[in-house]
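What follows is one structure encoded as structure tokens, with my remarks underneath.
Throughout, protein chains are lettered first and strands after them, A, B, ... in sequence-line order, and every chain is numbered starting at 1.
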2 protein chains.
Amino acid sequence: MSKLLPLADPVESVACCSPLVSRPMTADEAEAAAPLLKALADPVRLRLVSLIASHADGEACVCDLNDAFDLSQPTISHHLKTLHEAGLLDRSKEGVWVYYRIRPAAFDAIGALLATSGTATSGSRS
Amino acid sequence: MSKLLPLADPVESVACCSPLVSRPMTADEAEAAAPLLKALADPVRLRLVSLIASHADGEACVCDLNDAFDLSQPTISHHLKTLHEAGLLDRSKEGVWVYYRIRPAAFDAIGALLATSGTATSGSRS
DNA sequence: CATCAATATTGACAGATGTCGTTGTCTGGC
DNA sequence: GCCAGACAACGACATCTGTCAATATTGATG
């Protein structure tokens, strides 16, 4: 499920001038992958994800997140919803509080995507 | 340059419940990183990058790219400009033709970012 | 039950984005 | 010098997005 695109065979990739990926993305694959990146492509949401990831257990309460921004509560709530609907965050309610947790699989998928699109797999020394 | 955020010490990360990253992203870091993702967060641009990456040498002529889509030439040109301005693609003119090439460093940066935000570093088994 | 605190939902609005048609700018060939 | 082809820039337009204020919902508590 995290295999969005087949990478070219490692052996082949090492050779001088072979393509970076074995075949281009299909339109459907692109349509499926774009929403994940879109959800992440906002400074506020990036920080939200980062904040949650930097908490112990990779989960954080909305009340903590609200305080980290100068934005209104509904705005934060909206961004969290966006991330949740994209499948990047899990939600769980505990009493009055709501906790959001990083969903690792989604980030793995994006990682695979990027390794695919560019070169990021094994850190090219630029 | 590709180090957008410091990961938690590997040693610590292995321990049960320590944070995934050593510290959250700053607002400035997020503002800097978001445009890269935003440039990539579009189905057409994803396919463009993918198409270029799947060409030998990781470069492709605009004329080839235009034919792969049902969109107008100006639209493709616009998307290529977006990717170029985000630093994801390099441009070079050869006679009448213009070639776009994957810029690996930019993708490395995004890769580091994601390893940071989520878990994608070492393939978590979901 | 009344009230308060934590989140979500709704509605509104300015600004960004994707697309197109048209026009402009090169470059190479006649 | 002129024309045709490859690509970029411009202007227009509909849609999407981020934000807020106001309101609703839900759970704990007195």
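- Nearest-nucleotide assignment on DNA chain C puts the 5′-proximal partner with T75(A), out of S72(B) and T75(A).
- Protein chain A contacts DNA chain C from dA6(C) to dT9(C), reading 5' to 3' and using non-hydrogen atoms of the protein with a distance under 4.0 Å.
- Within the structure, no pair that satisfies the salt bridge (Lys or Arg N to Asp or Glu O under 4.0 Å) test touches residues 37-55 of chain A, not counting sequence neighbours.
- Listed by chain and residue number, C63(B), D64(B), W97(B), Y99(B) satisfy the side chain to side chain contact (heavy atoms under 4.5 Å, CB included) test with C61(B) (two or more places apart in sequence, or in another chain).
- Residues E94(A) and H79(A) each lie close to DNA chain D; by heavy-atom proximity, the contact nearer the 5' end of the strand is made by H79(A).
- Here H78(B) pairs with T82(B) under the side chain to side chain contact (heavy atoms under 4.5 Å, CB included) rule; sequence neighbours left out.
- Shortest non-hydrogen contact noted between A33(B) and M25(B) is CB-CE, 4.0 Å.
- Pairing each heavy atom of A41(B) with each of A41(A), the nearest pair is CB-CB, 4.2 Å.
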Task: Contact state string [nucleotides 2-17 of chain D, B base, S sugar-phosphate only, - no protein heavy atom under 4.0 Å] - done: ----SBBB-------S
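- The backbone N or O of L89(A) lies less than 3.5 Å from a partner atom in the side chain of H84(A), making a donor-acceptor pair.
- In terms of heavy atoms, F69(B) sits closest to L65(B) at CD1-O, 3.2 Å.
- With sequence neighbours excluded, the residues satisfying salt bridge (Lys or Arg N to Asp or Glu O under 4.0 Å) with E59(B) are R101(B).
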